[in-house]
Each structure stands twice: as structure tokens, then as C-alpha cells.
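So the structure is just underneath, and the comments pick up after that.
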Amino acid sequence: MLEVFGGHPYRAILVWTLMLLVVPFLPLDDYVLHILTLFLIFAVFATGWNLTLGILGLKTLGHHAFFAIGAYASALVSHYFGISPWITIWLGAIIAAIAGIVIGFPILRIRSMPHVAIVTLAFAEIVRLVLSNLKEITRGELGFWGIPPFDPISIGGTTIQFGLGNAFGSFAVAAVMFVGVHLLLLMLLKSRSGLTFLAIRDGEAAAESLGVKLAAWKLFAFGVSAAIVGLSGAVYAHYVLILTPSSVAGPDMLISLLAMIIVGGVGRFFGPIYGALLLTVSSELLRDFGDYRMLLYGALIVVFVFVAPTGIAGLKPASWRKPRESASQPAEAT
Amino acid sequence: MAADFLRVEQLTVAFGGIFALKDVSLSIDEGRTTAILGPNGAGKTTLFNAISGAVRPTAGKIRFLGEDVSTKSPSSRCHSGIARTFQITQPFGSLSVIENVMVALATKGASMAEARREAATYVEFVGLSAKAEDPARVLSTGQRKRLELARALATHPRLLLLDEVTGGVDRPSIPELLSLIRRLREERRITIVVVEHNMEVLLDLADDAVFLNRGEVVVTGGMQEVAGHEAVRSIYLGDIDAAA
Ligand SMILES: Nc1ncnc2c1ncn2[C@@H]1O[C@H](COP(=O)(O)OP(=O)(O)OP(=O)(O)O)[C@@H](O)[C@H]1O
Ligand SMILES: [Mg+2]
């Protein structure tokens with residue numbers, strides 16, 4: 001598992017936490033805080049997706065649907081029922097998890113990876129179409145606005161405000177989610193769940209012959225993965241305060257997130273974080289290029305797949321890699 | 001009682017139009033070691049796949065300990081005591097050697113610490129302790145075969161199906177591997193079925209034998225007796241003379 005987590009994963013999370021704690025004390029303007037907030041949200045999104053894509057090894061290409069489900073579920077419930085976003089984000093995560101388990105069932109039966117890719121992609125497209133057609137509720141592509149920001153909270157004497165013009169509050173929410181999700185997921189994956197997911201990825205038939213119940217473990221992975229992605233979507237909704245089906249569940253989201261995961265390192269625990277940081281920042285710098293950004297992302301995906309398939313996370317020298325022992329003479333197998 | 005350990009009844013496995021196994025019936029007694037002989041493509045691996053659940057029979061039944069397991073998943077057959085190694089080894093490449101073995105223990109509910117402790121004993125048993133923390137991907141063929149054995153043992157099997165465990169193993173370490181297999185029977189009372197091309201090894205290891213050809217059982221009986229059969233001799237001729 002060393003290859004997936006690196007040598008000191010808890011220490012790495014501690015370092016990220018400390019860096020995030022320092023940010024508020026730096027003289028950063030709101031624009032920089034905004035980009036960092038987006039980075040944190042997308043990092044959680046990418047990490048959640050990486051669970052099925054990289055750790056479990058299933059070519060699931062429709063997780064932007066869970067992002068949209070989490071975002072819309074939380075936004076709609078908080079808007080129409082006046083329930084606090086602090087509560088509805090969890091609802092978004094739960095509904096996404098249920099959707100993840102439901103889509104997991106047909107995928108259990110599919111052995112060919114291209115088919116898994118097509119089914120999940122089609123699922124995302126269905127979610128996008130449903131969201132755009134439920135115009136009475138979501139206002140379709142006109143955009144759903146009027147999403148309430150997080151309610152203010154007061155800690156000691158100070159009150160933290162959220163929403164427009166309060167960049168710090170949103171950054172803090174995203175940072176807490178980022179640290180919390182990565183810490184909990186790391187604990188889960190360092191236990192027998194992670195061991196089992198990786199065994200399934202590396203050899204499904206062998207894992208099954210050792211007593212691993214494939215269906216249950218895959219559905220569990222789907223549920224956790226979709227819940228994480230749904231939570232990131234919900235936090236995103238209460239941060240940007242306007243949603244359109246094509247912005248959260250459209251092809252741009254798919255390509256951006258895949259690029260983050262692939263550039264960062266598919267199947268590496270910290271890979272998606274690096275990818276999200278690199279691409280969120282660079283996409284802001286390339287804002288003037290508009291649609292050409294997607295072209296660039298596509299190119300990046302291709303380059304990394306061919307040149308550095310292990311992504312940025314894999315570029316670090318792995319300290320445990322020893323030279324391959326020269327195999328002693330094999331007996332002839334007649 | 002012994003007759004009810006493993007029974008294969010009129011088993012047929014077809015892939016498209018090809019019959020890998022045709023109406024195969026055999027029974028394996030508890031506590032004995034049985035060899036499955038046959039030329040390439042005879043259906044030996046397919047028989048293991050059918051017993052362990054990796055392929056569904058086209059027709060016929062498999063009974064283990066009196067229970068019909070034909071429709072059960074490989075994982076539930078593992079839990080009822082059937083373990084197998086793969087002829088083409090399937091290590092979990094990104095896991096270390098010891099973690100490979102831990103998979104079998106963790107899935108039964110052991111904590112990571114317990115699993116690691118017990119896995120270490122199997123890793124040591126097969127002689128891979130020096131490699132315990134290396135990723136399984138860097139192992140040589142022979143080491144991978146040993147890892148297959150360690151993983152299968154960690155499932156606490158009553159029936160162990162070994163598909164060419166000596167294939168690719170360097171010759172000098174074959175005797176040691178064979179003595180490990182013998183210890184499994186003597187110390188742990190594991191019933192063993194071996195697929196093996198080396199007749200010397202088989203005469204040394206097996207009590208009973210089944211000779212398969214083109215998916216059909218040609219001869220069954222005691223190992224010596226089957227080895228003496230002319231159909232078997234014609235295929236294993238050189239080996240038998242060398243062993244005699
Ligand atoms: N999954 C499969 N799909 C199609 N044909 C298969 C499959 N598995 C086995 N076969 C065919 O079934 C026959 C028996 O194969 P099997 O692997 O059981 O032979 P074997 O006795 O183990 O041979 P070897 O000594 O080469 O390992 C062969 O003709 C093989 O091509
Ligand atoms: Mg074979």
C-alpha cells in the first residue's frame with residue numbers, strides 16, 4: 001500500500017492542515033482566497049472520484065453526476081424548505097451515496113471496462129438532462145439561483161460570515177471539509193477496506209478466490225465515493241450560489257476533473273490534490289483563453305497518460321523501490 | 001464419510017463450441033493427495049476453475065462436504081474451505097508480499113494487526129520472509145508461486161488446489177517446496193489436489209491420480225497404477241523412465 005499512500009500519509013495531511021491554517025494570516029486578497037476555495041472543493045471532488053477510478057480500478061466516468069446531485073439536492077432543499085445548509089449538505093451527500101449504490105448494481109454485472117465507462121457516462125448525461133428538464137423546480141439551464149449561503153456561526157466573540165463578500169468564511173468551510181474528508185478516508189483506506197479495494201483492483205479473480213465478497217465491497221466503495229463527491233458538490237452550491245445543469249454535470253466538469261485526477265496521479269491517495277491545485281490555479285491563469293482551456297486539459301490528459309501515467313504523485317522517487325532481483329534459473333515448464 | 005469430501009458429478013464445461021470438460025465424474029477423499037494429469041489443454045485448470053467457482057459449469061454438479069456448491073460464488077466456496085493457486089500467478093502487484101497474504105485474513109474479519117501477525121507465519125512458511133515488505137510486482141516467477149501458496153493457506157483451507165506450483169521455480173528449490181506441500185498434509189491435514197507436469201514430483205507426492213485427455217477422464221486410480229497406464233506412459237514416457 002506504500003505506493004498508494006507514500007511513506008507518511010498522516011504527516012502529509014498534517015502538513016496540508018498547517019499550510020491551510022497559515023493562509024488566513026497571509027496578506028492575500030479575496031480573489032486568491034476564492035481560487036484556493038475552489039481548489040479545496042475540487043480536491044475533495046477528485047479524491048472521492050479517485051476512490052472508484054483509481055483505488056478500486058473501475059473506469060467510472062460519471063461522477064460529475066454525483067457532484068450535481070449533491071449540489072442540487074442541498075440547494076433545492078435549503079431553498080424550498082428553508083433548512084440550514086449546515087444540515088442540507090449532509091442530505092446532499094447521503095442522496096449522492098444512494099445514487100452511487102443504485103448505479104453500482106448494474107456495474108457489478110459488467111466485466112468490460114469500456115462498458116463501465118459508457119454506462120457511468122450515460123448515467124451522468126441522464127442526470128444532467130433531468131436537471132435541465134425539471135424547469136419548474138430547477139429553472140433548467142437558466143440557472144438555479146437564490147441558494148442560501150451557510151448561516152453565520154459565532155465562535156467565542158467573533159462571528160464568521162459566509163457568502164458573497166466573505167471569502168474567508170467559505171475558505172474555512174472548504175478547508176475543514178478538505179482536511180476532514182482526507183483524514184477520514186485515509187483512516188478507512190489504511191484499514192482492511194483499503195487493502196481489499198486494492199486487491200480487487202490488482203486481481204479481481206484472485207481476491208474472490210481468497211474469500212473477498214466482490215459485490216458488497218464494490219457497492220461500499222461506490223457509496224463512499226459518491227458521498228464524498230456529493231458533499232463537495234453541496235459545499236460548492238452554497239459557495240457559488242448559482243447552479244446550472246451543464247456547469248456541474250456537463251462535459252467540461254468531466255474533462256476538468258479527469259484531468260486533475262490523471263495529472264495528479266490515478267490511484268495515488270494524494271494525487272488528486274496535486275492535480276486539483278495545479279489545474280485550478282492554471283485554469284484561472286488561462287481564463288482569457290476561454291474554450292481553449294478544455295483543449296489544453298485534453299492535451300494534458302493525453303500527455304500524462306503516455307508520458308507519466310502515475311501522475312505528479314508518481315514522480316516522487318519511491319524510497320522502497322529496489323532493483324528487481326535477477327530471477328534465478330526457472331525450471332522448464334513442459 | 002471420506003467419500004463425501006469432494007465429488008464432481010458429470011461435470012461439463014463448454015466455452016462456445018469447445019468442450020473443456022466433458023461429463024467428468026470423480027471423487028476426492030479427505031486427507032489424501034490427488035494428482036490431475038493430462039497434456040496441455042486437457043482441462044486441468046478448467047477443472048480447478050469449476051471446483052473453486054471461477055467458471056460456471058455448463059452441466060453437472062460439484063459437492064463439497066456433502067453440499068452442492070455448484071452455484072455458489074468463489075468467495076463463499078473459499079469460506080467453506082476450498083482454496084486454489086493460479087497457474088498464471090495473480091499477485092496483487094501494488095501490495096507488499098505480506099499485505100497480499102493479509103487480504104485473505106482481513107476479509108474474514110481479522111484486524112490489520114492480527115492479520116499482519118498471522119500473515120507473517122505463512123510468509124515465513126513459504127520462505128518469503130526476506131521479501132515480506134517488497135511489492136509483489138517485483139517477485140520472480142518462483143517467488144510468485146510461493147506467494148500464491150501462502151495466500152491460499154491464509155484462507156485456512158480444507159481442500160487446496162495447486163495448479164503447477166513448481167512451474168517456473170528454480171530447480172534446486174523444488175525439493176524444499178515439495179516438502180512444504182507434504183507438511184501441509186501431515187501437519188494441517190489439508191487435502192491436496194495437484195496439477196503438475198513433472199512425473200517425478202507426482203510419484204513422490206500423490207496417492208491417487210486422475211488422467212484427463214481432451215476434457216474427459218481416461219484413467220483414475222492409485223498414482224503408481226495410473227502412471228503405469230499406457231495412455232499416461234505415452235505422454236509422460238521420458239519422465240517415468242527417469243523416475244523408475
Ligand atoms: N476462458 C476460456 N475461454 C475459452 N476457452 C477456454 C477458456 N479456458 C480454457 N479454455 C479452453 O479449454 C481447454 C482446456 O484448457 P485448460 O486451461 O483447462 O487446460 P489445461 O489442462 O490446464 O492445460 P495446460 O497444461 O496448458 O495448463 C483449452 O482448449 C482451452 O483453450
Ligand atoms: Mg492449466
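Only a predicted model underlies this, so the values are computations on that prediction, with no experimental measurement involved. Within every chain, numbering begins at 1; the chains are lettered A, B, ... in the order of the sequence lines, protein sequences first and strands thereafter.
In terms of heavy-atom pairs under 4.5 angstrom with chain A, the leader among B:Thr155, B:Val103, B:Ile82, B:Thr85 is B:Val103.
To the nearest 0.5 Å, atom CZ of residue A:Arg201 and atom CG of residue B:Leu95 are 8.0 Å apart. To the nearest 0.5 Å, atom CZ of residue B:Arg137 and atom CG of residue A:Asp202 are 7.0 Å apart.
Contact detail for A:Arg192 and B:Ala110: the closest heavy-atom pair is CD-O, 3.7 Å. When every heavy atom of A:Gly211 is checked against every heavy atom of B:Cys78, the shortest pair comes out as N-SG, 3.4 Å.
At a 4.5 Å heavy-atom cutoff, the contact between A:Ala207 and chain B is made by backbone and side-chain atoms alike. Contact of A:Ser209 with chain B is made through backbone and side chain together, with heavy-atom distances under 4.5 Å. Proximity to chain A (any heavy atom under 4.5 Å) is restricted, for B:Ala152, to the backbone atoms N, CA, C and O. Interface residue B:Pro91: only backbone heavy atoms are found under 4.5 Å from chain A.
Inter-residue side-chain proximity for A:Leu195 and B:Met112 is flagged as met; some heavy-atom pair is nearer than 4.5 Å.
For the side chain to side chain contact (heavy atoms under 4.5 Å, CB included) with B:Phe92, the qualifying choice from A:Leu210, A:Ile200, A:Leu198 is A:Leu210, the only one to do so. Screening B:Ser75, B:Ser73, B:Pro74 for a side chain to side chain contact (heavy atoms under 4.5 Å, CB included) with A:Lys213, the sole residue that qualifies is B:Ser75.
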